[in-house]
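Please read these numbers as outputs of a predicted model, since none were measured by experiment.
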Amino acid sequence: MRGLDAAGGLAALRGLLDRPLASYYLLISSAGLLLVIGLTMVFSATSVTDYAENGNASTSLTKQAIFAVIGMVAFWACQRLPASTYRALGRPLLITAIGLLLLLNLLLAYARLTGQDSARVGPIEARLLWLFIGGIQVQPSELAKFALVLWGAHVIARKGAALGWWRELATPLFPVVGLLFVLVGYNDLGTMICLLALVVGLLWAAGVRMRVFGALSVAGLIGVGLLIAVASLGAGSGEQGEQNYRFARLVSFFNPPAPEDCKLTGCYQLFQGRLAIEHGGWFGVGLGKSSLKWDWLPEAHNDFIFAIIAEELGVVGCAVVLVLFAVLAYSGLRIARRVEDPFRRLAAAAVTTWLVSQAAINIGGVVGLLPITGLPLPFISDGGSALVVTLAAVGMLASFARAEPDAARALHARPPARWVRLLWAPLPPLPGRRRRPASPPAARGPVPRARERREDEQAVARRVRQTRTRRGAANERRR
């Protein structure tokens, strides 16, 4: 009976997954649940410090909720756009991201030369990873991820089968990717590693040869080593003449000191995160009852929010988060496999690789499986720019999910109400639909048979004469 029940459950699950809009509903349900968990955990991790500093326990929650609303608007707008609009937006977004990164790095270099923590030019202020433009906080590296997805997918889809040649990858993809790596990685090594994973996912979906991945991996390792080395010169949050914090993280990962020594050295954050995970156990201490968030765990609301989840919700809560990210990964790869347009396939694979790799790097750093990089956890960590860009990318995936052949046919067979299409999303184009050839012009009147015969004979004679001429010319060329 148990075997029959298991078989029936698998059959029911397979039937649900075979439905036309299964990818769409899996995507928005997993992303929506992660967003709800994120808002809840941001409030839990920041309520104590916010109340102690401002007298209002919901300050950070209000700010994150505002960005969540902006992100939902971006999601709604992006799921309404066709693939042609995304292809057209790739280059302008990339130019904007590179311009903002150049401005950020120039202002930070000026601040280093003048011995300041930040630099201001008019209404623009630069501070480590962020630009403050008229009171609006922007992180250019987050925009660079989305821009690289759109532009890279467009370039690779346009090249097509020519990707087998190195020179087709060398121009213009690799130079632009290298420029982004330098501009992003100088201040934020974790985001540069995420960009590297994004490019690998993009090339993997395009079917590039394995030797390209080998060369890219070697170049990436060399670049990471150089960026770790320049932290001694002031890259990122490092200071010239001080300890290289990036190298110290690697040393503490490969050769961790004793727990009692971690309380005084650079592995303090990792040690406190381990304490939070151990304190949580299987079922956690209860939502809002964490003790490490009382200013014991650095960046508890951002980089190490997964440790707060482990303490308050236990292994069960961590498993729920991991399952939701697994469903998101399955949905994105399913969309990439089912869509017919090469651009949609490449962009869906790149976005899925970006989100899943960022989550894996963050969670791996918290639990000690990977070095700490400072990457936020998508949908969950506190941060406005990251949340808005992530929801916009999910909106693009939702647009692609509705454009799957089976989903498009199902939506056209039973279209939603008109007000639903106006307020939510229009109908996607039907797959394989092409323009009909223009019909020949109608005859002006009856034509005499003698004239028809004469015109046909002239056409046949002309055709025979042209054929003979071509054959004669060909024979002469052979001679």
Side-chain angles (χ1 to χ4, degrees), residues 35 38-39 41-43 45-47 49-50 53-54 56-75 77-78 92-112 116-148 180 183-192 194-195 235-237 298-305 354-355 358 362 373-395:
L35 180 60
L39 292 174
M41 295 312 302
V42 165
F43 176 67
T46 59
S47 57
T49 54
D50 284 345
E53 294 175 359
N54 307 318
N56 184 5
S58 60
T59 302
S60 298
L61 174 64
T62 303
K63 190 181 301 182
Q64 188 73 356
I66 292 173
F67 282 111
V69 172
I70 297 174
M72 290 301 298
V73 173
F75 170 87
C78 287
L93 278 180
L94 184 68
I95 294 174
T96 303
I98 292 176
L100 291 176
L101 287 170
L102 282 173
L103 179 61
L104 175 64
N105 284 277
L106 290 175
L107 290 177
L108 289 177
Y110 174 75
R112 295 282 182 184
Q116 301 175 2
D117 294 334
S118 62
R120 179 186 294 272
V121 176
I124 301 176
E125 181 183 2
R127 190 181 305 164
L128 193 55
L129 305 178
W130 298 274
L131 279 175
F132 297 86
I133 305 174
I136 300 175
Q137 183 177 346
V138 179
Q139 192 170 356
S141 59
E142 295 295 332
L143 181 62
K145 297 175 187 176
F146 197 22
L148 183 58
L180 278 178
L183 293 176
V184 172
Y186 184 78
N187 291 317
D188 191 356
L189 182 61
T191 302
M192 196 222 75
C194 184
L195 285 175
S237 57
E299 299 297 329
H301 63 288
N302 198 342
D303 304 345
F304 268 67
I305 197 169
W354 153 27
L355 297 178
Q358 183 170 334
N362 175 274
T373 57
L375 275 178
L377 187 59
F379 301 101
I380 297 179
S381 292
D382 186 17
S385 300
L387 183 60
V388 171
V389 174
T390 300
L391 288 176
V394 173

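To the nearest 0.5 Å, atoms CG (D188) and CG (L129) are separated by 5.0 Å. Rounding to the nearest 0.5 angstrom, the gap separating the CG atom in L61 from the OG atom in S47 is 9.5 Å. With values rounded to the nearest 0.5 angstrom, I305 atom CD1 is found 7.0 Å from I380 atom CD1. Between L103 atom CG and I98 atom CD1 the span is 13.5 Å, to the nearest 0.5 Å. Of the inter-residue distances, the one linking I136 atom CD1 with I124 atom CD1 reads 11.5 Å to the nearest 0.5 angstrom.
Proximity of a side-chain donor or acceptor of D382 to a complementary backbone N or O of V42 within less than 3.5 Å is not detected. Side-chain atoms of N362 come within 3.5 Å of backbone atoms of D303 as a donor-acceptor pair (strictly under, hydrogens ignored). Of the possible polar contacts, one joining the S385 side chain to the Q139 backbone as a donor-acceptor pair under 3.5 Å is found.
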Practice problem: Go through the steps to decide whether S60 and H301 satisfy the test side chain to side chain contact (heavy atoms under 4.5 Å, CB included), and finish with yes or no. | Solution: CA-CA 9 Å; S60 298; H301 63 288; over 6 Å; no
Exercise. Dump the intermediate steps for side chain to side chain contact (heavy atoms under 4.5 Å, CB included) on K145 and T191, then the final yes or no.
Key: CA-CA 9 Å; K145 297 175 187 176; T191 302; 3.5 Å; yes
Self-check item: Working for side chain to side chain contact (heavy atoms under 4.5 Å, CB included), residues L387 and L35
Solution: CA-CA 9 Å; L387 183 60; L35 180 60; 3.7 Å; yes
Quiz prompt | T46 and Q64: CA distance, side-chain angles, deciding distance, side chain to side chain contact (heavy atoms under 4.5 Å, CB included) verdict | solution = CA-CA 11 Å; T46 59; Q64 188 73 356; over 6 Å; no
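N187 is not listed as a side-chain neighbour of L101, based on a closest heavy-atom distance of 4.5 Å or more. Taking 4.5 Å as the limit, every side-chain heavy atom of L104 sits out of range of all side-chain heavy atoms of L183. At least one side-chain heavy atom of F43 sits under 4.5 Å from a side-chain heavy atom of S58. The shortest distance between side-chain heavy atoms of F379 and V394 falls below 4.5 Å. The closest side-chain heavy-atom distance from V138 to L143 is not below 4.5 Å. Residues F146 and T390 fail the side-chain proximity criterion, which asks for heavy atoms closer than 4.5 Å.
Across every non-hydrogen atom of L375 and Q358, the tightest pair is CD1-CG, 4.2 Å. Contact record, N56 with D50: O-CB, 3.2 Å, taken as the closest heavy-atom pair. In plain terms, the two heavy atoms of P140 and L100 that are nearest each other are CB-CB, 3.8 Å. The heavy-atom pair separating A300 from A45 by the smallest distance is O-CB, 3.9 Å. For C194 against W354, the heavy-atom pair with the smallest separation is SG-CD1, 3.6 Å. Among all heavy-atom pairs drawn from P376 and N302, the shortest one is CB-OD1, 3.5 Å.
Atom CZ of F132 is surrounded by more than 12 heavy atoms from other residues, nucleotides or ligands within 6.0 Å.
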